[in-house]
Amino acid sequence: MDRKELLKGFFVTKDYEKLKTILSESNNPSEKEILARIFIEEKNYHKASLIYQNLGMEYEYGRCELLCGNLEKTKEIWQNIKEETPALLWGKSLLEFINLYVIHVPTFFQIRAFLEVDFDALLNANLITYCENIANGAHLFAQNNQESYKFIGRVFVNNGYFDLAELFLKRAKDICYVDPEVHFLLAKCFINSKNHAEAVKSLQTSIEKGYGYYPARKLLEKINLS
């Protein structure tokens with residue numbers, strides 16, 4: 001299977017069973033990495049962890065151990081990495097949030113690059129306590145990146161936790177009122193709670209602040225037709 005076909009199978013058609021059959025026999029590191037990513041998508045974090053360990057991809061190996069709930073193992077793996085990359089610095093800080101003992105608040109760009117992705121991954125791994133501890137530190141993230149409340153709220157919306165999402169998105173609205181996406185996401189929360197009037201109001205604000213923000217216009221049309 002050539003690289004283009006492989007990537008299409010992973011990202012587009014998501015034919016994971018076929019890919020697993022093919023890639024399990026491969027000795028190509030880049031193909032093995034795709035196999036690890038398939039296992040992560042399937043929430044088989046242990047198998048992904050073993051692949052990353054064999055590939056010598058220590059940061060990814062530690063991240064999979066974190067998704068397995070092995071906090072101390074993750075800490076041990078990451079402490080042994082010599083090169084301090086932005087991802088590693090972020091990861092070490094994330095462990096502090098999970099442990100409720102924060103010394104190093106991530107930078108603006110670290111939060112932008114990693115917070116939403118890792119918070120979503122931990123929520124999908126059903127590591128609820130970890131997620132609670134991270135979410136409770138939103139005010140610390142917001143010191144360096146004001147979009148932090150929106151990032152957390154968006155993850156909650158995408159995973160159907162609308163009541164929690166509303167709490168964070170209202171805080172985001174207080175900080176970044178001109179952000180059209182915040183109002184759009186809040187509208188989804190109001191739709192879930194069957195508060196039609198507030199949903200329409202939020203969508204109209206989103207359209208106004210976003211100069212015709214297209215997702216809000218489409219959703220407003222949809223609810224007006226329902």
Side-chain angles (χ1 to χ4, degrees), residues 33 36-37 39-41 43-46 48-159 161 164-176 179 181-182 185:
E33 187 179 348
R37 293 177 67 179
F39 284 131
I40 290 173
E41 289 294 317
K43 302 183 182 180
N44 194 334
Y45 308 116
H46 178 66
S49 174
L50 292 175
I51 293 173
Y52 284 128
Q53 182 183 20
N54 290 332
L55 290 173
M57 300 176 68
E58 296 297 299
Y59 176 76
E60 291 79 4
Y61 170 34
R63 185 174 183 270
C64 285
E65 288 299 317
L66 178 60
L67 294 174
C68 288
N70 299 328
L71 203 61
E72 290 305 312
K73 182 67 174 177
T74 300
K75 185 176 179 181
E76 176 189 333
I77 294 166
W78 284 350
Q79 282 181 337
N80 289 328
I81 299 176
K82 298 295 187 288
E83 183 183 0
E84 289 195 332
T85 63
L88 179 63
L89 292 172
W90 156 261
K92 288 180 176 180
S93 178
L94 186 65
L95 295 182
E96 294 177 4
F97 278 84
I98 292 170
N99 284 316
L100 297 176
Y101 189 74
V102 179
I103 300 173
H104 305 96
V105 178
T107 66
F108 174 91
F109 289 108
Q110 287 167 7
I111 294 168
R112 189 174 183 84
F114 302 111
L115 173 57
E116 190 168 357
V117 173
D118 283 348
F119 189 66
D120 183 72
L122 290 166
L123 196 59
N124 275 284
N126 204 34
L127 294 167
I128 303 302
T129 301
Y130 291 5
C131 292
E132 287 178 351
N133 293 351
I134 293 166
N136 286 335
H139 62 291
L140 297 175
F141 290 120
Q143 290 176 4
N144 287 350
N145 189 321
Q146 291 187 333
E147 288 189 291
S148 298
Y149 288 102
K150 182 178 79 170
F151 296 152
I152 293 172
R154 185 160 56 196
V155 170
F156 280 137
V157 167
N158 291 339
N159 286 278
Y161 294 91
L164 289 171
E166 187 175 339
L167 294 174
F168 286 90
L169 292 169
K170 284 182 174 178
R171 187 72 185 96
K173 185 177 74 169
D174 290 340
I175 297 171
C176 303
D179 186 336
E181 188 180 12
V182 171
L185 292 169

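Predicted, not measured: the structure shown is a model, and the values here were computed from it.
- Applying the side chain to side chain contact (heavy atoms under 4.5 Å, CB included) test to Asn44 and every residue at least two apart in sequence or in another chain returns Phe39, His46, Lys47.
- Note that CD of Glu132 is 10.5 Å distant from CG of Leu123, once rounded to the nearest 0.5 Å.
- In terms of heavy atoms, Cys131 sits closest to Phe119 at O-CE1, 3.4 Å.
- Here Leu115 contributes atom CG and Gln110 contributes atom CD; the two are 11.5 Å apart, rounded to the nearest 0.5 Å.
- Rounded to the nearest 0.5 Å, atoms CG (Leu127) and CG (Asn133) are 11.0 Å apart.
- The ring-ring contact (aromatic ring centres under 6.0 Å, His included) test applied to Tyr149 returns no partner, not counting sequence neighbours.
- Considering only residues two or more places apart in sequence or on other chains, Glu116 meets the side chain to side chain donor-acceptor pair (under 3.5 Å) condition with Arg154.
- Residues Val157 and Ala165 come closest through the heavy atom pair CG2-CB, 3.5 Å.
- Within the 4.5 Å cutoff, the side chain of Ile152 has no heavy atoms near those of the Leu169 side chain.
- We find the CD1-CG distance between Ile134 and Leu94 to be 4.5 Å, quoted to the nearest 0.5 Å.
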>> Working note: Asn99 + Leu71, criterion side chain to side chain contact (heavy atoms under 4.5 Å, CB included); need CA distance, chi angles, decisive distance, verdict.
In response: CA-CA 9 Å; Asn99 284 316; Leu71 203 61; 3.2 Å; yes
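- In this structure, the side chain to side chain contact (heavy atoms under 4.5 Å, CB included) partners of Glu166, at least two apart in sequence or on a different chain, are Lys170, Leu186, Cys189, Phe190.
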>> Run the side chain to side chain contact (heavy atoms under 4.5 Å, CB included) test on Tyr161 and Val155 for me, step by step, so that the C-alpha distance in whole Å, both residues' side-chain angles and the decisive distance to 0.1 Å come before the verdict.
In response: CA-CA 8 Å; Tyr161 294 91; Val155 170; over 6 Å; no
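- Phe108 pairs by the side chain to side chain contact (heavy atoms under 4.5 Å, CB included) definition with Arg112, Asn145, not counting sequence neighbours.
- Sequence neighbours left out, not one pair with a member in residues 66-78 passes salt bridge (Lys or Arg N to Asp or Glu O under 4.0 Å).
- Residues Tyr45 and Ala121 come closest through the heavy atom pair OH-O, 4.2 Å.
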For residues 61-70, dump all side-chain donor-acceptor pairs below 3.5 Å to protein atoms at least two apart in sequence or in another chain.
unit_1: Tyr61; atom_1: OH; unit_2: Gln53; atom_2: NE2; d: 3.3
unit_1: Arg63; atom_1: NE; unit_2: Asp118; atom_2: OD1; d: 2.8
unit_1: Arg63; atom_1: NH2; unit_2: Asp118; atom_2: OD1; d: 2.8
unit_1: Glu65; atom_1: OE1; unit_2: Asn70; atom_2: ND2; d: 2.7
unit_1: Glu65; atom_1: OE2; unit_2: Ser49; atom_2: OG; d: 2.5

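- Considering only residues two or more places apart in sequence or on other chains, Leu88 meets the side chain to side chain contact (heavy atoms under 4.5 Å, CB included) condition with Tyr59, Trp78, Ile81, Thr85, Lys92.
- In this structure, CZ in Phe114 is found 11.5 Å from OG in Ser93, a value given to the nearest 0.5 Å.
- Here Glu58 pairs with nothing under the salt bridge (charged side-chain N to carboxylate O under 4.0 Å, His left out) rule; sequence neighbours left out.
- Checked against salt bridge (charged side-chain N to carboxylate O under 4.0 Å, His left out), Lys43 has no partners two or more places apart in sequence or in another chain.
- Every residue two or more places apart in sequence or in another chain that forms a ring-ring contact (aromatic ring centres under 6.0 Å, His included) with Phe168 is listed here: Phe156.
- Two rings, from Phe141 and Phe97, have their centers less than 6.0 Å apart.
- Residues satisfying the salt bridge (charged side-chain N to carboxylate O under 4.0 Å, His left out) test with Asp179, not counting sequence neighbours, are Lys150.
- The distance from atom CD1 of Ile51 to atom CD of Glu60, rounded to the nearest 0.5 Å, is 12.5 Å.
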